[in-house]
**Q** 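Sharing a structure here in structure tokens format.
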Amino acid sequence: MLAFSVGICQLGVVADKQGNICKARSMIAEAADRGSHLVVLPEMFNCPYQSELFSQYAEIYPEGPTIAMLAECAEKHKIILVGGSIPERDEVGNIYNTCFIFNEQGSLIGRHRKVHLFDVDIKGGTVFQESKTLVAGSSMTLVDTSLGKIGVAICYDVRFPELARSMVLQGAKILVYPGAFGPVTGPAHWELLMRARAVDNQVYVIGAAPALNAATEYKSYGHSIIVDPWARVLALTNEAETVITSKIDFRTLNRVREELPLLRHRKPEVYRI
């Protein structure tokens with residue numbers, strides 16, 4: 001499929017896990033009803049973004065209610081569903097920040113565990129330490145879909161261009177980043193990073209964020225975004241709860257790569273890392 005629609009569900013996360021699941025279900029349906037073949041949820045969409053809560057909200061694949069909802073919605077609406085992220089507990093008790101990806105049959109086709117944990121202390125701004133409760137993933141995530149190869153990473157992963165380039169060199173034409181930038185880094189870097197990853201790699205980039213909930217401890221910047229391979233912003237919202245959609249057209253990607261063939265012009269022997 002050369003052209004198709006993509007939808008982002010920018011939902012407002014609350015303390016009620018079941019409420020978050022129900023909200024996600026309804027927003028996925030809205031995106032699908034609007035013609036989206038690929039639907040993306042935000043980071044930690046079933047859980048407030050607070051380290052001390054991750055264990056309480058964590059689920060084990062495949063029994064968790066959030067995971068079951070994702071599989072059910074993907075099959076029901078015949079969509080590829082990138083399930084943002086949720087806290088995942090493995091068989092020995094480790095907790096990960098994990099994105100589950102399902103195909104149109106409701107089958108799991110990928111699982112990305114956030115590789116780069118968000119441990120920061122910005123003076124006068126965000127202080128957060130994911131490593132207090134989370135374990136880092138150790139692998140890149142590429143999924144084969146009916147729409148082509150999609151690379152999936154989570155939030156802080158976007159700041160590491162080596163990861164994006166590696167996914168693109170292995171065939172990704174879309175990079176998806178569920179994320180939850182805050183009120184300091186969001187205005188400064190969110191759009192900049194999404195556009196940078198798009199123009200550096202000549203791919204479509206999707207950044208899916210939670211809506212702002214003023215009642216939660218961590219304040220999400222929102223501003224979910226879809227960017228084309230020329231770094232043009234195709235869709236961008238504010239901090240409010242909403243569903244946004246846009247078209248992806250691989251003919252645009254092919255034209256950009258033909259006219260400005262930077263991927264062919266690489267000289268890895270000069271700057272091998």
Side-chain angles (χ1 to χ4, degrees), residues 1-11 23-43 45 69-85 99-107 109-110 112 141-153 158 167-168 171-179 190-191 194-195 197-199 201-211 222-238 240-257:
M1 191 180 297
L2 286 173
F4 53 90
S5 292
V6 57
I8 300 177
C9 304
Q10 182 169 287
L11 65 91
K23 174 65 71 171
R25 187 192 301 275
S26 67
M27 295 183 82
I28 292 166
E30 180 181 345
D33 289 346
R34 289 168 59 179
S36 300
H37 289 84
L38 170 63
V39 178
V40 184
L41 290 164
E43 182 181 24
F45 74 89
M69 178 275 294
L70 293 172
E72 177 189 326
C73 286
E75 181 179 20
K76 177 180 178 180
H77 300 292
K78 303 302 177 189
I79 57 172
I80 296 164
L81 182 55
V82 179
S85 79
C99 178
F100 294 90
I101 306 113
F102 294 88
N103 66 12
E104 297 93 334
Q105 290 75 48
S107 300
I109 56 173
H112 179 73
T141 303
L142 275 170
V143 290
D144 286 307
T145 78
S146 60
L147 304 176
K149 282 191 177 181
I150 299 174
V152 179
V158 75
M167 291 190 286
V168 169
K173 294 184 178 180
I174 304 171
L175 299 179
V176 179
Y177 294 97
W190 172 257
E191 181 178 331
M194 298 301 166
R195 296 181 70 192
R197 296 295 83 82
V199 76
N201 296 288
Q202 300 180 320
V203 290
Y204 284 91
V205 171
I206 299 167
H223 289 77
S224 293
I225 188 171
I226 303 167
V227 185
D228 85 353
W230 196 251
R232 290 173 291 224
V233 176
L234 303 179
L236 174 66
T237 188
N238 55 21
E241 187 170 84
T242 189
V243 173
I244 63 171
T245 63
S246 186
K247 291 283 188 182
I248 282 180
D249 192 332
F250 287 144
R251 289 167 294 197
T252 297
L253 181 149
N254 294 336
R255 184 173 64 251
V256 167
R257 291 187 177 184

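Excluded from the calculations below are hydrogen atoms, water molecules and symmetry mates; all remaining heavy atoms, backbone and side chain alike, are included.
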**Q** With side chains defined as the heavy atoms from C-beta onward, is the minimum distance between Glu75 and Glu72 less than 4.5 Å?
**A**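 No, too far: nothing below the 4.5 Å cut-off.
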**Q** Does Ile150 reach the side chain of Leu38, with side-chain heavy atoms less than 4.5 Å apart?
**A** yes
**Q** So does His37 get a backbone contact from the side chain of Ser5, meaning a donor-acceptor N/O pair under 3.5 Å?
**A** no
**Q** Is any side-chain heavy atom of Met69 closer than 4.5 Å to a side-chain heavy atom of Ile28?
**A** yes
**Q** Under 3.5 Å, is there a donor-acceptor pair between the side chain of Arg257 and the main chain of Gln202?
**A** yes
**Q** Less than 4.5 Å apart, any side-chain heavy atom of Arg232 and any of Thr252?
**A**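 Yes, their side chains come closer than 4.5 Å.
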**Q** Can you find a heavy atom in the side chain of Tyr204 that is under 4.5 Å from one in the side chain of Pro229?
**A**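 Yes. Closest side-chain heavy atoms under 4.5 Å.
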**Q** Using a cut-off of 6.0 Å, state whether more than 12 heavy atoms not belonging to Lys76 lie near its atom NZ.
**A** no
**Q** Is the shortest distance from a Lys or Arg side-chain nitrogen in Lys247 or Asp249 to a carboxylate oxygen in the other one below 4.0 Å?
**A**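 Here Lys247 does not pair with Asp249 in a salt bridge, since their nearest N and O are not under 4.0 Å apart.
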**Q** Quick one, Ile80 and Val143 - any side-chain contact, counting heavy atoms below 4.5 Å?
**A** no
**Q** Is it the case that Glu104 and Ser146 place a side-chain donor and acceptor less than 3.5 Å from each other?
**A** yes
**Q** Verify, without hydrogens or angle tests, whether Gln10 (side chain) and Ala240 (backbone) share a donor-acceptor contact under 3.5 angstrom.
**A**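 Checking the backbone N and O of Ala240 against the side chain of Gln10, a donor-acceptor pair under 3.5 Å is found.
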**Q** With a 4.5 Å limit on heavy-atom distance, are the side chains of Ile206 and Val82 in contact?
**A** no
**Q** Do the side chain of Arg197 and the main chain of Val158 share a donor and acceptor less than 3.5 angstrom apart?
**A** yes
**Q** Looking only at heavy atoms, what is the nearest atom pair of Gly179 and Pro210, with distance?
**A**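 The pair with the smallest heavy-atom distance is O-CD, 3.0 Å.
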